[in-house]
Number of protein chains: 2
Amino acid sequence: MRNRSIRIERVFHALGDSTRRAILDRLVDAPASVSKLAEPLGITVTAVMQHLQILEEAKLVHTEKTGRVRTCRIEPAGFDALEEWVRAHRTAWERRLDRLGELLAEEDAG
Amino acid sequence: MRNRSIRIERVFHALGDSTRRAILDRLVDAPASVSKLAEPLGITVTAVMQHLQILEEAKLVHTEKTGRVRTCRIEPAGFDALEEWVRAHRTAWERRLDRLGELLAEEDAG
DNA sequence: ACAATACTGAAGTATTTACTTGACAATTTC
DNA sequence: GAAATTGTCAAGTAAATACTTCAGTATTGT
């Protein structure tokens, strides 16, 4: 079994904010420094740092500081966890509908 | 082109709360009334109503009132939008990594 | 008709959250 | 080594959010 222990809680919390999603949108194109991320968002570097912390906890972003600049990149683990969650819920729901369908078919036949 | 106009904004906002996710978990198993949803959550029916409104706006849940009871069911549209978003972001990111790989390979060769 | 059930609406509260400011630390660059 | 760049820390604020209570309104059962 793969390490699925990334708390989906954190992933959803992280993605629940539009600024953080904007950060992800940006990082999908290319890695960026904290100040480069802040610039188009019109918020302070401090604010971006706070968002980055949440994104890191959700394993949606990985950051690394070399010298005085912190480089931020997409990390796929959080996305994996999210996709997994959606898939699990959808299939559970579809299975139920199938069972329901069978029951109705039986009723019709009987 | 399919109807993708469900605001992903709303989907993420809806899923950003653990009580709402618990409601979804419950509805995946079976449809339920508002009071049945409230019972195991230990919150008032009013609170559940407020959550349901948000889940409906995100098209994750559909509710329908017949008589005095409102029945709540999973609606797949919101899940579709979510899956779509994850996939789009992942592929964009992977495409970039591929381009980067090619560039590095060229550098090595040259 | 009356009581019980199931939800709805308005209004209030306490906490969380996104953001700021301002002071500071660590690199680069000149 | 002085000055600019880039990030970090602590503390504060205003708005959003998840709840609550209480007072209704339909609908159903006796």
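Remark: C1' of dC7(C) and NZ of Lys36(B) are 15 Å apart, rounded to the nearest angstrom. In this structure, the CD atom of Glu9(B) is 13 Å from the C1' atom of dA16(D), given to the nearest Å. The CD atom of Glu64(A) sits 15 Å away from the P atom of dT27(C) (whole-angstrom rounding). If you measure from atom CG of Leu15(B) to atom P of dA18(D), you get 12 Å, rounded to the nearest angstrom. Remark: C1' of dT13(D) and CD1 of Ile43(A) are 16 Å apart, rounded to the nearest angstrom. Spacing between atom CE of Met49(B) and atom C1' of dA6(C) amounts to 10 Å, rounded to whole angstrom units. Taking atom CD of residue Gln53(B) and atom C1' of nucleotide dA10(C), one finds them 13 Å apart after rounding to whole Å.
For His13(B) and dA16(D), the shortest distance from a side-chain N or O to OP1 or OP2 is not below 4.0 Å. For the pair Thr19(A) and dC19(C), the criterion of a side-chain N or O lying under 4.0 Å from OP1 or OP2 is met.
Trp93(B) CH2 to Glu75(A) CD: the interatomic distance, rounded to the nearest 0.5 Å, is 9.0 Å.
Of the candidate nucleotides dT8(C), dC19(D), dA6(C), dC19(D) has the atom lying nearest to any side-chain atom of Asp17(B). In the set dC19(D), dC7(C), dA18(D), dC7(C) carries the atom at the smallest distance from any side-chain atom of Val34(B).
End-to-end axis angle for the helix from dA1(C)-dT30(D) to dC30(C)-dG1(D), using five pairs per end and rounding to 10°, comes out at 30°.
Remark: of the listed residues Lys59(B), Glu57(B), Glu56(B), Glu57(B) is the sole one forming a side chain to side chain contact (heavy atoms under 4.5 Å, CB included) with Arg10(B).
Between His51(A) and Thr71(B), the residue anchored closer to the 5' end of DNA chain C is Thr71(B), taking for each the nucleotide with the nearest heavy atom.
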Once base and sugar-phosphate atoms are separated, protein heavy atoms under 4.0 Å mark nucleotides 22-30 of chain D, 5' to 3', with B, S and - as B----BS--

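Checked against side-chain hydrogen bond (donor to acceptor under 3.5 Å, both in side chains), Asp80(A) has the following partners two or more places apart in sequence or in another chain: Arg90(B). Taking Ala47(A) as the reference, Ile43(A), Thr44(A) meet the side-chain contact (heavy atoms from CB on, under 4.5 Å) condition, with sequence neighbours excluded. Applying the side-chain hydrogen bond (donor to acceptor under 3.5 Å, both in side chains) criterion to His62(A), with sequence neighbours excluded, gives no partner residue. With sequence neighbours left out, the side-chain contact (heavy atoms from CB on, under 4.5 Å) criterion links Thr91(B) to no other residue.
Minimum interatomic distance between Ser18(B) and Glu9(A) (heavy atoms only, all atoms of both residues): CB-OE1, 3.8 Å.
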List the atom pairs, with distances to 0.1 Å, where a side-chain N or O of residues 24-41 of chain A and a protein N or O form a donor-acceptor pair under 3.5 Å, not counting sequence neighbours.
unit_1   : atom_1 : unit_2   : atom_2 : d
Asp25(A) : OD1    : His89(B) : NE2    : 2.5
Arg26(A) : NH1    : Lys36(A) : O      : 2.7
Ser33(A) : OG     : Lys36(A) : N      : 3.2

Show every donor-acceptor pair shorter than 3.5 Å between a side-chain atom in residues 65-74 of chain A and any protein atom, with sequence neighbours excluded, or say none if there are none.
unit_1   : atom_1 : unit_2   : atom_2 : d
Arg70(A) : NH1    : Thr63(A) : OG1    : 2.8

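Linking Ile, Leu, Val, Met, Phe, Trp and Tyr residues whenever their side-chain heavy atoms come within less than 4.5 Å leaves Val61(A) and Ile54(A) in two separate clusters.
Here Thr44(B) lies in heavy-atom contact (under 4.0 Å) with a base.
Taken residue by residue, residues 21-30 of chain A places no heavy atom nearer than 4.0 Å to DNA chain D.
The base of dT20(D) lies close enough to the side chain of Gln50(B) for a donor and an acceptor atom to sit less than 3.5 Å apart.
Side-chain atoms of Arg20(A) do not come within 3.5 Å of backbone N or O of Leu15(A) as any donor-acceptor pair.
For residues 8-60 of chain A, the ring-ring contact (aromatic ring centres under 6.0 Å, His included) pairs, not counting sequence neighbours, are Phe12(A)-Trp85(A).
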